[in-house]
Amino acid sequence: LPDRKLDLPPGVLQPREAVLRMAPYSPPTSGRQDKLRLDFNENTIGASPRVAEFIREHLNEAMLTVYPEYTDAKKELAEFFRVETDDFLLTNGTDEAIQVLVNTYVDDDDEVIVLKPAYAMYRFYAELAGANVKEVPYRAQKLAFPLEELLEAITAKTRAVLIANPNNPTGTGTSRAAVERILERAENAAVLIDEAYYEFSGVTVLPLLNDYPNLFVSRTFSKVYGMAAMRIGCLFSQNGNVEFLHKAQSPYSVNALAALAARAAVRDTGSIEKYVTEVLAARELLYVGLEKLKIPYYESKANFVLLEAGKRAIPIRDELRRRGVLVRDRSYEIAGCVRVTVGTRDQVRRFLTELEAIW
Amino acid sequence: LADRKLDLPPGVLQPREAVLRMAPYSPPTGGRQDRPRRPAPGITALPLAEGLEGHVRSVEVRLA
């Protein structure tokens, strides 16, 4: 610690050791709006128009003066997800779900297991809490879910296991039966199954909620629902756990417009089903295009595909950006790989045209 | 910690000691929107730019 102090510029207050140690995570917060955005796995055609309509109908000056109210949103979302209102929290996106879970169950030096590669915020919040993060790598072959390796890594010291199903950025998923084996093995740990991309895979463990007191499931409105700007999601568990999660959560972290938007979003399931069908067709089209270009890729259960660009991963990302198409470089964690979000078939055709031109 | 474990209902995952210890803070998150606070009649809104002086004048208007 004294040595680290020397690295700080004069006059900078010493932060916690955990903050000094953690790797920074800085996704872009500007410069994306006028491009074809295939870099963040958002809905590429936007939220249901009914969401904006609903907000316009309900938004007025009086509403803005009142601290957010969640009664109606919780009732409607509970019905939609087929749970009770006290079986979940509204969260500020999945990020807050991870944060609240970690804040509730993980202490300094506790062991947290994450997979590698995985969504960066698992490690982010675990490191921020001062946890000892243990990584279990995806299998090199096809980036398959490393079930046996994960089961072996879980010990009596494990306090949390943070998993996305399907996983980002690999796109690969695991079965409900595999999750049950993890829940049984890690009975004293909080097991988070992040189902941000559930709508594309159709695999959920939400119905297992009453069977496993160590199960936590998160969902988001940032992906298929096209509401990433709103920052809203849900964290589900048995109501005894939800009481403690609620205790550890900031009381008004979800703003009133986001709560309104979520209500409207779950009323328009038709547009979501239509979009999912379109994405699944577009994903097949992308596979065919990549095969034509002889570009290896990993089959995905989500609305994104990881492709192997080899040593040209970063130049290809940059050249596509110059052409108005954003994709995400993942070569820092999977050699030579670039991740592309799957949107509509027209968008995939545009992506393939640009890719072919520079390949 | 062992004693605290006994207080938890069966099937509830043990939270951090800090979470068990902390006082709950649960302000209302429902039931207030249908009770709008309306300004009393007769109050003249004054430009904020008038600052404290404007506020004092607004109070004077109400008292009158």
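All values below were derived from every heavy atom in this structure, side-chain atoms included, with hydrogens, water molecules and symmetry-related copies excluded. Residue numbering restarts at 1 for every chain, and letters A, B, ... go by the order of the sequence lines. Every value quoted in this text rests on a predicted model; they were computed, and no experiment measured them.
Contacts of A/Gln249 with chain B are absent, with no heavy-atom separation under 4.5 Å from either backbone or side chain. Residue A/Tyr212 does not touch chain B at all, counting heavy-atom pairs closer than 4.5 Å. Heavy atoms of A/Pro251 lying under 4.5 Å from chain B belong to its backbone as well as its side chain.
Here CG of A/Leu77 is found 13.0 Å from CG of A/Asp87. Values are rounded to the nearest 0.5 Å. Expressed to the nearest 0.5 Å, how far CG of A/Asp86 lies from NE2 of A/His246 amounts to 11.0 Å. The CZ atom of A/Arg231 sits 4.0 Å away from atom OG of A/Ser222, with the distance rounded to the nearest 0.5 Å.
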message: What verdict does the side-chain contact (heavy atoms from CB on, under 4.5 Å) test give for A/Ile163 and A/Leu150, after you've listed the backbone C-alpha separation in whole Å, the side-chain angles of each residue and the deciding distance to 0.1 Å?
response: CA-CA 10 Å; A/Ile163 297 168; A/Leu150 175 58; 3.7 Å; yes

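Residue-level contacts of residues 92-112 of chain A with chain B, in order of numbering, are A/Val102, A/Asn103, A/Thr104, A/Tyr105, A/Val106, A/Asp107; threshold 4.5 Å between heavy atoms.
Taking a 6.0 Å sphere around CZ of A/Arg50, one finds it holds 12 or fewer heavy atoms contributed by other residues, nucleotides or ligands. The environment of A/Glu180 atom CD is dense: over 12 non-hydrogen atoms of other residues, nucleotides or ligands sit within 6.0 angstrom.
The candidate from A/Arg159, A/Lys74, A/Met63 with the greatest count of non-hydrogen atom pairs under 4.5 Å with chain B is A/Arg159.
For the pair A/His58/A/Ile55, no side-chain contact is recorded, criterion being any heavy-atom separation below 4.5 Å from C-beta on.
With ring centers used as reference points, A/Phe236 lies 6.0 Å or more from A/Phe216.
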